[in-house]
Protein chains: 2
Amino acid sequence: MSSINDVAKLAGVSTATVSRVLNDTGQCSPRTQQKVIAAVKELNYQPNILARSLAKASSDNVGLMVNSYRGSFFAALVSQLQESFENQNKFLLTCRASSSRESELQAISRLKSMSCAALVLHSRALTDEDLLQLAEDKVHFALIDRFVPGLEDRCVTFKHRKSARLAVEHLYKKGHRKIACLSGTMERHSARERYAGYAEAVEEFELEDIHIGYGHYNQDGGYKAAEKLFSRRSDVTAIFTCSEQMCVGAYEYFHHAGLRVPDDISVVSIDSVDVCQILSPKVTTVTFPIEDMAIETQELVCRMMDGKPAIKPAVFTPNIKIFHSVKTL
Amino acid sequence: MSSINDVAKLAGVSTATVSRVLNDTGQCSPRTQQKVIAAVKELNYQPNILARSLAKASSDNVGLMVNSYRGSFFAALVSQLQESFENQNKFLLTCRASSSRESELQAISRLKSMSCAALVLHSRALTDEDLLQLAEDKVHFALIDRFVPGLEDRCVTFKHRKSARLAVEHLYKKGHRKIACLSGTMERHSARERYAGYAEAVEEFELEDIHIGYGHYNQDGGYKAAEKLFSRRSDVTAIFTCSEQMCVGAYEYFHHAGLRVPDDISVVSIDSVDVCQILSPKVTTVTFPIEDMAIETQELVCRMMDGKPAIKPAVFTPNIKIFHSVKTL
DNA sequence: TTGTATGCGTTATCAT
DNA sequence: ATGATAACGCATACAA
């Protein structure tokens, strides 16, 4: 690897001049500019980002912490974040924690020691106090899908409640009146909000509240919840599943039980669109604009890094994608 | 962020001593050791990894280049690689290219400029010559799922041919004699190998070669291929799909056409297990041990970084996971 | 055992 | 417009 010194020698100028040409800082004659650029090409010179960061006392690195890579949500998130930051000449360093407070703190330490100028956190385990402390320490960071009072300007969030409401409303408009909600435990904020949205719609449309909670929003939970539901009652015409994995589990149960979607049972799910395209018939789904959200996050973070005043980020609203899992009654 | 200077001052020693204590290089009295460690704790000192890498002229960074994050293959790969390298105190930097030679070259440049001591490449677009040149340039790197003559010691590969053979053999043993192969274009090596494995089995078991190629191994290709197949003939009792996405598409077609798996048609697929657990009935699938492969890759790369002699990495063999998509005739 | 001094590759300040 | 030169934070060869 050739260094700035090699370029300087070959071009017959000083390293300072090379740096100026490359970073477009300060004036310089067209002729020397040419020489430098020629030398750079000839040596196939790549600036050492480490040294640059060290010298500038600030890097172009942005750290991302997540607790999983699995599922289309993370694939879309990581993919779009990386692309957006690269468009701003930032480099995204990704670090995976394992859903415990300690591992999340460690991941953040690690990212900070890589001179990340800012962090993007999809934190599950850190407490509100941890995050407030981090803000206190003047660390630039944004939170994804988490709301912390006092950190409103850093939270990129979803309207979980509205998404559930949208799902139930769709079923209602299609003539359904016995609509069950399949969910998991209520530990996470998003889970509580989704249920609240269901409850809200139930009240507004004067429906019966049929809520089945089971497990952790995964495939098995969906299967068991559906099984539990239909062992109790047969008058339900539609279900709303609170996660895509639960939807998969419910479909699995229906296949086992010989129930046909949508003829025997209508389904609306929530979450990313991928899984719901895989199932047959494809599932009508309430989704969030993950890509838009990633772009907004990048803008938010870049604003913080530039020292610009914080603007409360948008709260992202869900869209409903209509497929073939709902029967009109 | 406090620096090594702050620690040295607080501990009343020189920076050299602090460095020695922290890196456990050279001797030092227990007392000064105590003082240094106390100072480190008090200041919550984190060594600046950039500066360290710069000083050592070698970093603990390993670069990973992929062309996609989507799909369970990449989720498992990235996840396991990151964990394995972290266990070795290496940090994995991930960079996404976009399936063109230029973008792959650019991604590699980027990773090199981050002082990556080694690279892990899942390259689709680089030529064999590009990769040979990279080796010529003394870059440490490993290739995933790609075989380049002359770089045998760096290639972590799969037995694609055997995986297809295994799928067909399973169907044969279950009594099937009319077995169709659904694939996409034959550009990629893995695609050719999988078809070759099918052809091999066809010959051995004296079956009819019923091959339908359509599109690019994606869901739509699977749908169209299945449609094409059944518009031509009705005597086929089983299909072998060359990718999980094609399998999804085939299932979609069967649902549309009113064909039941496995009663009307048996299915065996290839690839990661995730998608095939989502479909109902779950699909009997030939999979590769992605986690093992990631661990082997990490070991291979670390060996190279330590200057140890290269050992030809294992070629990973497929496993068949039996589910409910095959009928015994 | 410990400290001094130098270099890693870059940027930035100050001269010229 | 350009060139010395001093940082940036750390590791290390060499002295002491």
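All values reported here derive from a predicted model rather than from experimental measurement. A, B, ... follow the sequence lines: proteins, then strands. Residue 1 opens every chain.
Put simply, CE on B:M114 is 14 Å from P on C:dT10, counting in whole angstrom units. Note: CG (B:N48) to P (C:dG9) measures 16 Å, nearest angstrom. With rounding to whole Å, A:I49 atom CD1 is found 14 Å from C:dT11 atom C1'. Here the P atom of nucleotide D:dC8 and the CG atom of A:L50 are 17 Å apart, to the nearest Å. Taking atom CD1 on A:I4 and atom P on D:dG3, their separation rounds to 12 Å, with Å as the unit. Here the P atom of nucleotide D:dG9 and the NZ atom of A:K56 are 15 Å apart, to the nearest Å. Distance A:L54 CG to C:dG7 C1': 12 Å, rounded to the nearest Å.
Rounded to 10°, the angle separating the first-five-pair axis and the last-five-pair axis of the helix from C:dT1-D:dA16 to C:dT16-D:dA1 equals 40°.
Residues B:D145 and B:H160 have side chains that bring a donor and an acceptor to within less than 3.5 angstrom of each other. A donor-acceptor contact closer than 3.5 angstrom is absent between the side chains of A:S84 and A:N87. No side-chain donor from either of A:S79 and A:E83 sits under 3.5 Å from a side-chain acceptor of the other. In the model, B:E104 has a side-chain atom that pairs as donor or acceptor with a side-chain atom of B:N67 under 3.5 Å.
Residues A:R70 and B:D274 approach most closely at NH1-OD2, 4.1 Å, considering heavy atoms.
Classified by interplanar angle (parallel below 30°, tilted 30° to 60°, perpendicular above 60°), the ring pair A:F316/A:F158 is perpendicular.
Remark: A:A16, A:S19, A:N23 in residues 7-38 of chain A come within less than 4.0 Å of DNA chain C through at least one heavy atom.
For B:F74 and B:Y69, the ring centers are positioned 6.0 Å apart or more.
For the pair A:R110 and B:F91, the cation-pi criterion (under 6.0 Å, within 45° of the ring axis) is not fulfilled.
For the OP1/OP2 pair of C:dG9 and a distance below 4.0 Å, the side-chain nitrogens and oxygens of A:R52 include no atom meeting the criterion.
Distance check: A:I49 CD1 to B:L111 CG gives 9.5 Å after rounding to the nearest 0.5 Å.
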